[in-house]
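Right, one structure below, let's go through it.
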Amino acid sequence: FPALSMVTGMLANALGWRREDDNLHDGLQERLLVGARIESAGQRITDYQTAQLYQRDQGWTTKGVPEGRATSPSYTMQPDGQKALTWQRYRDFHAGRCVLVALRLEPAEKYPTLNDLATALDHPARPLFIGRKPCLPSGRLFAGWIEADNVAHALQIAPQISTSDKWELQWPDGEGRMDGDRVFDLCDERNWTSGVHGGWRQVRQAVVTAKGS
């Protein structure tokens, strides 16, 4: 399920906030009531990635200052006369996973409002990505509006976006009940000042038959 900190970060990026805007991030995270419906789990794949890095290459950092790599014997001379090395990485992805996220804000009238978030998702201040930077959205992220009694109700009545016959649901405790649901303690909040995760919140999970199945 999408972590609360992940949803907060994506919305903050859409709004154009910077990482050092920790008070804004913390405030939004505290107001978000987020639930998710996994319609298709997809499959987990490990991607093998390589990149050729030259000795004088520099990259973007969260500090806003380009940063290079230290000189190393690992750099070898290339035919063009420059020294380079091959950087190898293994990255895991949830390929084909289909997830619907339902959220509301409390209090609702404070900035940013749900209207602000919807507008930002359709017209983000910066390019958005899902989980990893290569995972760019292939379509519109904002799925529309729905009126419901609570987050759990919204997850149950929202239009289906896949052909699955079973849904896995997760929502904050206190935002509705379902037959057979279970309560879990979840640590998915981020302290945006220190950059680490901490604290616990209770969520409920259930597996239900898809609407119309």
Side-chain angles (χ1 to χ4, degrees), residues 1-38 41-42 44 46-47 59-65 67 89-94 97 99-114 116-118 120-121 124-137 141-142 150-155 167-178 181-207:
F1 290 99
L4 179 60
S5 59
M6 293 173 63
V7 176
T8 302
M10 185 174 70
L11 294 173
N13 190 39
L15 290 165
W17 296 352
R18 300 177 60 86
R19 283 178 179 264
E20 54 266 31
D21 297 326
D22 52 321
N23 289 332
L24 292 176
H25 284 72
D26 283 330
L28 177 59
Q29 183 176 260
E30 289 174 2
R31 295 175 57 214
L32 278 172
L33 291 163
V34 176
R37 185 176 82 196
I38 299 177
R44 185 168 181 150
T46 299
D47 191 24
W60 176 87
T61 67
T62 57
K63 297 176 290 187
V65 179
E67 187 176 85
R89 302 195 308 174
Y90 293 88
R91 290 292 182 263
D92 291 330
F93 296 87
H94 293 292
R97 176 162 293 192
V99 182
L100 177 76
V101 174
L103 62 86
R104 70 179 180 88
L105 293 166
E106 193 175 273
E109 65 280 358
K110 186 177 178 181
Y111 176 82
T113 65
L114 284 177
D116 295 325
L117 298 182
L121 287 175
R126 289 188 294 267
L128 301 180
F129 53 90
I130 304 172
R132 299 196 182 281
K133 290 181 181 178
C135 301
L136 302 176
L141 287 180
F142 176 55
N150 47 51
V151 174
H153 185 214
L155 293 174
W167 293 340
E168 295 181 62
L169 308 179
Q170 183 187 89
W171 66 97
D173 188 28
E175 284 292 309
R177 294 290 308 272
M178 297 184 196
D181 62 13
R182 295 185 296 168
V183 179
F184 292 87
D185 288 327
L186 190 62
C187 179
D188 66 346
E189 298 178 330
R190 178 172 180 168
N191 183 313
W192 292 91
T193 301
S194 65
V196 300
H197 285 75
W200 296 91
R201 67 187 183 100
Q202 287 194 321
V203 299
R204 291 186 175 272
Q205 290 185 12
V207 177

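- Residues F129 and M10 come closest through the heavy atom pair O-SD, 4.1 Å.
- Here the straight-line distance linking atom CG of L136 with atom CD1 of I130 works out to 8.5 Å at 0.5 Å rounding.
- W17 contributes atom CH2, which lies 11.5 Å from atom CG of D22 (distance to the nearest 0.5 angstrom).
- Between V34 and P2 the shortest side-chain heavy-atom distance does not fall below 4.5 Å.
- Here the shortest heavy-atom pairing between A125 and N13 reads CB-O, 4.2 Å.
- Judged by distance alone, with hydrogens and angles left aside, the side-chain atoms of D47 form no donor-acceptor pair with the main-chain N or O of R91 at under 3.5 Å.
- When all heavy atoms are compared, the tightest approach of P172 to V151 is CD-CG1, 4.2 Å.
- Heavy-atom minimum distance, S5 versus H197: OG-NE2, 2.9 Å.
- Across all non-hydrogen atoms, the minimal contact from A120 to L15 is CB-CD2, 3.8 Å.
- T8 is listed as a side-chain neighbour of W192, based on a closest heavy-atom distance under 4.5 Å.
- Taking OG1 from T46 and OH from Y90, the interatomic distance works out to 9.5 Å, rounded to the nearest 0.5 Å.
- If you take CG on L28 and CG on L117, they are separated by 6.5 Å, rounding to the nearest 0.5 Å.
- Of the possible polar contacts, one joining the Q29 side chain to the R190 backbone as a donor-acceptor pair under 3.5 Å is found.
- R204 places no side-chain N or O within donor-acceptor distance of the main-chain N or O of V183, the cut-off being under 3.5 Å.
- Enclosure of atom CZ in R182 is not indicated, since only 12 or fewer non-hydrogen atoms of other residues, nucleotides or ligands lie within 6.0 angstrom.
- With hydrogens and angles ignored, the 3.5 Å screen pairs no side-chain donor or acceptor of D26 with any backbone N or O of N23.
- The residues D173 and R201 are annotated as not salt-bridged, no charged nitrogen and carboxylate oxygen being separated by less than 4.0 angstrom.
- The two residues H25 and A12 make their nearest non-hydrogen contact at NE2-CB, 3.3 Å.
- Taking the side chain as every heavy atom from C-beta outward, D181 and W171 approach each other to under 4.5 Å.
- Here the side chains of L103 and L114 are in contact, with some heavy-atom distance below 4.5 Å.
- The closest side-chain heavy-atom distance from L11 to L32 is below 4.5 Å.
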Derivation of the side-chain contact (heavy atoms from CB on, under 4.5 Å) call for L33 and N150: CA-CA 10 Å; L33 291 163; N150 47 51; over 6 Å; no

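- Taking the side chain as every heavy atom from C-beta outward, V99 and H94 never approach each other to under 4.5 Å.
- Taken to the nearest 0.5 Å, the CE atom of M178 stands 11.0 Å off from the CD atom of Q205.
- Judged purely by atom type and a 3.5 angstrom limit, D21 has no side-chain atom pairing as donor or acceptor with the backbone of L24.
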